[in-house]
> 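This is the structure, below, for whatever I ask next.
Below, all heavy atoms of this structure are taken into account, side chains as well, without hydrogens, waters or symmetry copies. In what follows, residues are counted from 1 in the order of the sequence shown. If you're wondering where the values come from, they're calculated on a predicted model, not measured in any experiment.
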Amino acid sequence: MSRLPAVKVLVTRPKQQTARFAEQLALAGANPIEVPLLTFRTRDDERNQLLSRQADRFNWLFFSSRNGVKHFQAVVKHYSHLDDWRHCRIAAVGQKTADAIEDILGRKADLVPKAYTADDLAEAFAATDAAASRILLIQGSLSRPALANGLRQNDYAFEKMVVYDTVEEQTNQMLLNDVLENEKPEVLTFTSPSSIEAFFAFIRSSDMKHKQLNKLCLVIGPTTERAAKRHGFHNILVPEVFTAEAMIDTLVHFYEQRTGD
């Protein structure tokens, strides 16, 4: 039985993640409209080439996202070998990142904090007996600085390896404007501040931008919520757990309350 009315939901997740989220929305009864606004590209530069060959310098790997795991594997496999990193222990932000470590690297994470934030991982690591650790922090170009700041505040030595870049999916600018003008989605979904930035950058007219601000805005967490507020959204939903699945549950609960179910 459907849990949502046939509400039109705009899915703006990066194209590597859009299909799964749209499928889950459809199973819940919604009418998803896929317009990926961002995409991920593995960063292939001299620094990453060098770091990928220096596994012996580190004994901990820190991952803050599934994408970090995926693109780290791509870089390392190209320039060295994953077996070179087997001696390193692994820390992960959130269970989904830990699952990616197992799926992609064939390893289990050694440290996963209960809460799904970089701040909690920094705090959990500070509670371990790892003062002499040599950490490689693996992130994307737009990753929040919270984890690096937490490690720095606790005087841990680390280096950052930016393994992927988040870039705007320019080829979908016309599609977005057509969807907003003709399909008129009632719910807009965003899973990062950069997706909100791309959304408004792609819209051609100021009148069309203004019309979007009255729509229901479903975001994945507080960082994206703050970006939504900065742009003027005022009907914002945020799940208690920062996952795509929790976003859908939050949307279902919203409509259940409206219908009195």
Side-chain angles (χ1 to χ4, degrees), residues 1-40 65-67 93-97 99-100 114-117 144 166 169 172 175-200 202-203 208-261:
M1 182 176 179
S2 297
R3 300 184 294 156
L4 281 171
V7 60
K8 294 180 181 178
V9 180
L10 182 69
V11 179
T12 64
R13 297 196 82 178
K15 64 180 182 180
Q16 295 90 339
Q17 303 170 339
T18 303
R20 176 61 177 159
F21 189 40
E23 178 185 348
Q24 291 173 317
L25 281 165
L27 288 172
N31 180 12
I33 304 171
E34 299 178 39
V35 185
L37 301 183
L38 303 170
T39 189
F40 303 122
S65 70
R66 183 180 183 90
N67 283 317
V93 175
Q95 190 56 49
K96 285 196 175 291
T97 305
D99 291 343
K114 292 182 180 179
Y116 293 4
T117 67
R144 292 178 60 224
T166 304
E169 189 62 65
N172 282 343
L175 174 61
L176 175 65
N177 284 274
D178 289 344
V179 164
L180 295 179
E181 184 173 351
N182 299 311
E183 298 291 333
K184 296 180 173 57
E186 296 110 308
V187 181
L188 309 175
T189 67
F190 301 103
T191 55
S192 69
S194 50
S195 62
I196 296 178
E197 298 293 337
F199 178 77
F200 284 103
F202 282 5
I203 299 176
M208 180 64 75
K209 291 180 182 179
H210 183 73
K211 287 179 180 178
Q212 308 313 308
L213 299 179
N214 294 321
K215 295 181 178 180
L216 186 61
C217 179
L218 176 62
V219 301
I220 198 167
T223 305
T224 310
E225 179 188 18
R226 288 192 289 272
K229 288 180 177 178
R230 284 198 303 271
H231 280 277
F233 285 109
H234 48 86
N235 298 318
I236 304 173
L237 293 180
V238 190
E240 292 185 5
V241 179
F242 311 145
T243 66
E245 293 81 4
M247 289 175 70
I248 296 173
D249 289 339
T250 299
L251 188 62
V252 169
H253 181 66
F254 173 82
Y255 280 101
E256 286 177 345
Q257 286 187 316
R258 288 185 60 179
T259 59
D261 292 342

> Between atom CD of Glu197 and atom CG of Leu37, what is the distance when rounded to the nearest 0.5 Å?
11.5 Å
> Once you round to the nearest 0.5 Å, how far does CG of Asp178 lie from CD of Glu183?
9.5 Å
> Find the distance between CG (Leu38) and OG (Ser192) and round it off to the nearest 0.5 Å.
5.5 Å
> Does Lys215 use its side chain to pair, donor to acceptor, with the backbone of Leu188 at less than 3.5 Å?
no
> State, yes or no, whether a side-chain contact exists between Leu251 and Thr189 at a heavy-atom distance under 4.5 Å.
no
> Give the table of side-chain donor-acceptor pairs shorter than 3.5 Å for residues 20-36, with sequence neighbours excluded, one pair per line with atom names and distance.
| unit_1 | atom_1 | unit_2 | atom_2 | d |
| --- | --- | --- | --- | --- |
| Gln24 | NE2 | Glu245 | OE2 | 3.4 |

> With sequence neighbours excluded, tell me which residues meet side chain to side chain contact (heavy atoms under 4.5 Å, CB included) with Ala246.
Pro239, Val241, Thr243
> Would you call the rings of Phe190 and Phe199 parallel, tilted or perpendicular if under 30° counts as parallel and over 60° as perpendicular?
perpendicular
> Starting at CG of Leu176, measure out to OG1 of Thr12 and round the result to the nearest 0.5 Å.
9.0 Å
> Would you list the atom pairs, donor with acceptor, under 3.5 Å between side chains in residues 217-230 and any protein atom, with sequence neighbours excluded?
| unit_1 | atom_1 | unit_2 | atom_2 | d |
| --- | --- | --- | --- | --- |
| Thr223 | OG1 | Arg144 | NE | 3.4 |
| Thr223 | OG1 | Arg226 | NH2 | 3.4 |

> Taking all non-hydrogen atoms of both residues, which atom of Val238 and which atom of Ile236 are closest, and how far apart?
CG2-CG2, 4.1 Å
> Given Gln17 and Asn67, is the side chain to side chain contact (heavy atoms under 4.5 Å, CB included) satisfied, shown in steps?
CA-CA 10 Å; Gln17 303 170 339; Asn67 283 317; 3.3 Å; yes
> Do Arg3 and Asp249 sit within salt-bridge range, that is, some charged N less than 4.0 Å from a carboxylate O?
yes
> If you take all heavy atoms of Phe200 and Leu213, which pair is closest and at what distance?
CZ-CD2, 3.7 Å
> Once rounded to the nearest 0.5 Å, what's the spacing between atom CD of Gln212 and atom NE2 of His210?
10.5 Å
> For the atom pair CG (Asn172) and CG (Asn177), what is the distance rounded to the nearest 0.5 Å?
11.0 Å
> Working note: Tyr255 + Leu216, criterion side chain to side chain contact (heavy atoms under 4.5 Å, CB included); need CA distance, chi angles, decisive distance, verdict.
CA-CA 11 Å; Tyr255 280 101; Leu216 186 61; 4.3 Å; yes
